[in-house]
Amino acid sequence: MSADPVDTGETPAAPISAPSDAAPPQDAPPTAEKGAPEKPALSGAELKKRAKAEKAAKRAQQKAATDGTSGAPHDSKPVQQEPKQQKKDGKQAPKEPKQGPKEAGQPGMPIPMRRRQSVTLPPPKEKEEVIKQVGLFGHLYGQPKQHSIAAAAKEVHPAILALGLQYSSYVICGSTARCVSMLLAFKKVIESYTTPKGQALARHLTSHHLSPQITYLQACRPISISMGNAIRHLKDLIVKIDPAVSEADAKEHLIDSIDSFIKERITAADELISEEAMRKIAEKGDVILTYASSTIVQTTLLKAHDAGKQFRVIVVDSKPLYEGKALARNLAHHGLQVSYSLISSAAHAMKNVTRIFLGAHAMMSNGRLYSRIGTAAIAMLAHERDIPVAVLCESVKFTDQVALDSIVKNELASPEELLSENERSALVDLLPKEKSSSTDKHEDVMKWWRDEPNLQMLNLLYDVTPAEYISIVITEFGSLPPSSVPVVHRISTNT
Amino acid sequence: MSHSMTAQAPGLSSYLKSLRSTPVEASIEHFIALLKRRQIRNSRPCALATTQLLIQVVKEFKGKDADKLLRRIRDVGRRLIAAQPREMVVGNIVRRVLGLIREIKDDNADGDSNAVNSDTGSPLPHHDSFNRPQLASSISTFMRHGALPPMESASGPESLADSGELPHRPALFSSHTSYAPLGTSLFGLFSQPDTPSNTSTPTGRHSPIGKHTMTASALERIGESTILKRTNIKAEVLEGMNELQDELEQSDDQIAANALDHIHSNEIILTHTASTSVQKFLLAAAKKRKFTVVHAEAHPNDHDAVHATILTGKKRDAEVISEEAGERWKPLTAAGITVVLIPDSHVFAIMARVNKVILATHSVLANGGLVAAAGARVIASAAKVHRTPVVVVTGVYKLSPVYPFDIDELIEYGDAGNVVPYDDGDFVDKVDVDNPLYDYVPPDLVDLYVTNLGGHAPSYLYRIVADHYHPDDINLSGAVEREGK
């Protein structure tokens with residue numbers, strides 16, 4: 001199994017250093033592009049660009065207004081693309097916070113979906129938001145998340161544009177789902193690629209065709225560890241393509257390789273992991289607790305249920321994403337005995353639990369688990385009670401990064417997502433008279449929160465679980481203690 | 001539950017208003033109904049309502065027999081406790097009032113006869129005793145009401161004599177030794193030298209350590225009261241109850257007076273749920289110091305109150321309790337304090353940078369553990385693993401003479417619709433949704449209690465409990481039996 005990713009069969013040494021960052025270097029692509037199509041007249045070009053972007057934004061808003069909610073990203077894309085095409089500069093302009101058809105609910109998506117109320121974020125708001133940072137986490141505030149395709153570069157492929165919106169609106173959520181969907185979109189990107197004259201595919205594809213896509217995805221939502229690993233793998237493949245090979249063959253090779261990557265590192269790995277994890281469930285009487293939602297935990301539990309094992313599942317969840325709801329619903333539909341509670345009552349949920357199964361966003365090289373925020377608290381409670389904690393994690397999620405706490409490295413989501421529609425309406429009647437100006441009371445409430453100078457809201461997405469709380473990490477390479485993570489990571493990448 | 005609905009729905013304020021005009025028996029029934037319907041809930045409203053109701057009961061009481069009054073209060077108390085046993089504050093207040101009556105009764109009895117009347121259940125010098133005070137080992141023992149279980153009533157006199165008398169004797173001995181120089185000489189002429197703890201109880205302002213110094217003045221008072229004799233038991237009881245009422249009203253401010261001892265500049269303080277005590281505590285510190293408050297929102301039960309507290313400085317139902325000017329309610333942010341609202345899931349992540357955890361509580365148990373809003377356990381545990389001190393802010397009236405044996409008995413479960421709305425039909429049908437309202441936090445996770453008496457270690461709380469409740473009142477149903485024999 002360890003030799004999986006070698007399917008290219010090439011020498012591994014050199015190219016790893018260049019894309020070694022899990023997050024692809026954000027500044028590199030724009031500068032590279034600038035060299036080709038743009039003159040160095042910076043300020044003028046920038047002004048022009050901004051004006052254009054604003055125009056585009058206006059157009060987008062008008063469109064959103066006329067279309068109502070129907071504007072699925074697929075429809076709106078060509079229209080939005082147009083103004084871009086006229087633009088000379090290929091530089092990204094992700095600074096423009098724009099209102100987009102964020103509501104593009106993708107029907108029939110089997111991926112954890114968040115109940116997102118129709119919250120409209122007018123442009124000036126996000127600027128304020130940037131100013132109001134939680135001091136401790138100042139280093140995590142970057143550019144505001146891109147919620148629209150209006151500011152996307154012209155090179156960005158339609159499939160990627162759609163994907164980016166699905167990322168930023170949590171329609172596609174979860175490390176594995178995001179990774180797979182990205183790879184599938186990349187297949188389309190590669191299919192549509194033609195090497196310009198006088199360029200070699202191995203040189204040109206990554207920097208000129210793939211990088212803008214990655215940058216756009218990154219702007220929509222920081223890319224996950226698994227995505228970083230997959231991107232690195234893909235870049236590696238591209239660099240190693242023999243220039244003598246014809247473009248069609250090279251593209252076919254790449255697409256096949258992506259398919260086999262998904263198959264080997266994710267699909268087959270999931271199969272193995274769930275088999276292994278299933279064996280950890282007793283024939284009868286186990287009470288298994290899981291936090292939030294992980295596809296692989298779901299697969300494991302369903303498999304165990306199909307195998308006739310009798311157990312009970314407790315799904316613990318938290319706001320604002322409520323990912324566990326979908327998991328609990330799916331499990332219940334399959335006939336499992338499921339109870340559901342929120343993280344504030346985790347201590348109660350823990351009472352009769354015999355096993356904890358957790359999904360992962362990433363496993364750090366120091367054996368710590370980087371996963372949905374709240375996981376650490378669950379693992380801590382389990383540790384207190386000597387309940388074994390199993391992490392189900394494909395090796396594609398392993399990283400050589402290390403983390404000691406959840407503060408240095410994390411992902412921030414918009415604080416406004418914290419207040420649900422109901423919570424806002426509960427505050428409406430407390431609104432001081434001078435603050436209720438507009439007709440939109442909910443907007444007034446949000447403004448109240450935003451305008452309070454000393455008031456901040458924090459919405460982190462991940463936390464780091466100490467290695468000592470984790471009894472076992474189940475990967476496709478077998479069941480390991482968390483201390484073995486760096487070894488496995490080396491084996492799986494260094495083949 | 002919309003706010004406009006609750007404003008009109010019966011609650012504490014409407015109940016307190018109705019008290020004066022309604023006959024006592026109707027008021028009792030009304031309160032029981034409100035308790036059962038959870039229209040009066042949480043410690044402070046329950047305590048206030050109970051005190052006011054008992055004041056009415058005493059006022060209405062005819063006759064001068066202290067024993068009858070005792071019995072009357074106890075009967076009412078048992079009905080109230082039965083209505084909502086998990087609001088332990090109701091029982092606490094009843095016991096405080098019973099203790100008050102006992103004390104006054106004994107003072108008067110002393111006036112009549114200087115004899116040592118230990119057989120009528122005289123107050124024990126328990127704060128001098130080294131014996132652990134006798135307390136209920138679980139909530140169920142004092143939750144029992146109405147007819148006693150046959151076993152206990154059958155063996156009642158003996159077993160109570162056994163359990164009740166045994167601790168008395170060593171206690172008396174120890175009191176004699178400690179008071180020997182006084183008791184045998186002058187003071188014995190007028191009084192028993194064993195009342196200090198009870199006399200100081202109603203005011204509650206003196207720390208138990210200072211009680212030895214109380215003795216002299218207490219005895220003076222006793223001396224005076226012997227002159228009044230039993231002429232005015234009712235007036236005395238009412239006076240004591242008014243002091244109890246004052247204690248309830250002032251306890252937050254008295255707790256807040258300690259704030260500067262516990263909060264220093266630039267600290268990051270984590271707190272949880274909406275609590276007036278904590279809010280006042282932090283505001284008191286904010287007058288002098290700048291710090292950051294991280295507020296976990298206690299979703300799904302208290303988050304609306306948390307949001308209201310953060311924005312306006314008060315819970316939405318707080319306005320009905322205190323009719324002071326709105327000026328006193330200001331949010332922490334207005335005092336220049338940075339407030340960060342976090343969901344409960346962030347607790348572990350942020351604990352790495354938190355300097356101190358300040359918890360509010362629903363009730364405090366005699367072992368030093370506490371029952372607090374759900375989520376408190378996760379916070380306390382996370383604080384423990386991060387070596388962050390946990391400070392619990394509570395009024396003494398929340399101290400309950402209960403040792404937790406079965407923790408599940410203490411926990412109330414709330415509306416599952418708060419977790420998953422009922423309109424999500426197929427989900428609610430197939431999945432069990434749990435919504436416990438409270439968490440039990442064991443004493444080893446708590447570093448300090450700050451009460452209106454000052455700061456205490458969790459291991460010392462049982463002593464304060466013993467100071468505030470008469471041992472005979474701890475098990476209310478048992479005490480009836482004893483009195484009846």
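When reading the values below, keep in mind they use all heavy atoms of this one structure, side chains included, and skip hydrogens, waters and symmetry mates. Predicted model only: the values in this text are computed from it and were never measured. Numbered from 1 within each chain, the chains take letters A, B, ... in sequence-line order.
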Notebook entry, point to check: Is the closest basic N to carboxylate O distance between B/Glu267 and B/Arg289 below 4.0 Å?
Noted result: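 Salt bridge between B/Glu267 and B/Arg289, a charged N being under 4.0 Å from a carboxylate O: no.
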Item checked: SB check B/Asp444 B/Lys384 (cutoff 4.0 Å) ->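 Between B/Lys384 and B/Asp444 there is no salt bridge, as every charged N stays at least 4.0 Å from the carboxylate O atoms.
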So for [X], is it side chain, backbone, both, or neither that comes closer than 4.5 Å to the heavy atoms of chain A?
X	result
B/His303	side chain
B/Ile337	backbone
B/Val340	both

Would you mind telling me which of [options] has the largest number of heavy-atom pairs within less than 4.5 Å of chain A?
options	result
B/Ala382, B/Ala352, B/Ala416	B/Ala382
B/Asp344, B/Ile342, B/Thr338	B/Thr338
B/Ala376, B/Pro343, B/Ala373, B/Ala298	B/Pro343

Checklist line | Aromatic ring pairing A/His361/A/Tyr462, orientation class (parallel under 30°, perpendicular over 60°, tilted between) | finding: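 The arrangement is tilted - the two ring planes meet at 30° to 60°.
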Notebook entry, point to check: Out of curiosity, A/Met350 CE to A/Glu384 CD, how far, rounded to the nearest 0.5 Å?
Noted result: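 Spacing of CE (A/Met350) from CD (A/Glu384) equals 9.0 Å.
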Next item on the list: Working to the nearest 0.5 Å, report the span between CD1 of A/Ile314 and OG1 of A/Thr290.
Entry: 11.0 Å
Margin query: Quick check with a 6.0 Å cut-off and a 45 degree axis cone: is A/Lys409 positioned over the face of A/Tyr370's six-membered ring?
Written below: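 Pair A/Lys409/A/Tyr370 counts as cation-pi.
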Notebook entry, point to check: Between B/Ile407, B/Val402, B/Leu365, which is the residue that forms a side chain to side chain contact (heavy atoms under 4.5 Å, CB included) with B/Val371?
Noted result: B/Leu365
Checklist line | The single option from A/Leu358, A/Leu460, A/Ile378, A/Leu321 passing side chain to side chain contact (heavy atoms under 4.5 Å, CB included) against A/Arg372 | finding: A/Leu321
Notebook entry, point to check: Is chain B contacted by the side chain of A/His333, its backbone, both, or neither, given a heavy-atom distance below 4.5 Å?
Noted result: both
Check: Which residues in residues 427-443 of chain B have any heavy atom lying under 4.5 Å from a heavy atom of chain A?
Finding: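 B/Phe427, B/Lys430, B/Val431, B/Asp432, B/Val433, B/Asp434, B/Pro436, B/Tyr438, B/Asp439, listed by number.
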Checklist line | Donor on one side chain, acceptor on other, A/Ser318 and A/Tyr291, under 3.5 Å | finding: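 Yes, because at least one side-chain N or O of A/Ser318 sits under 3.5 Å from a partner of the opposite role on A/Tyr291.
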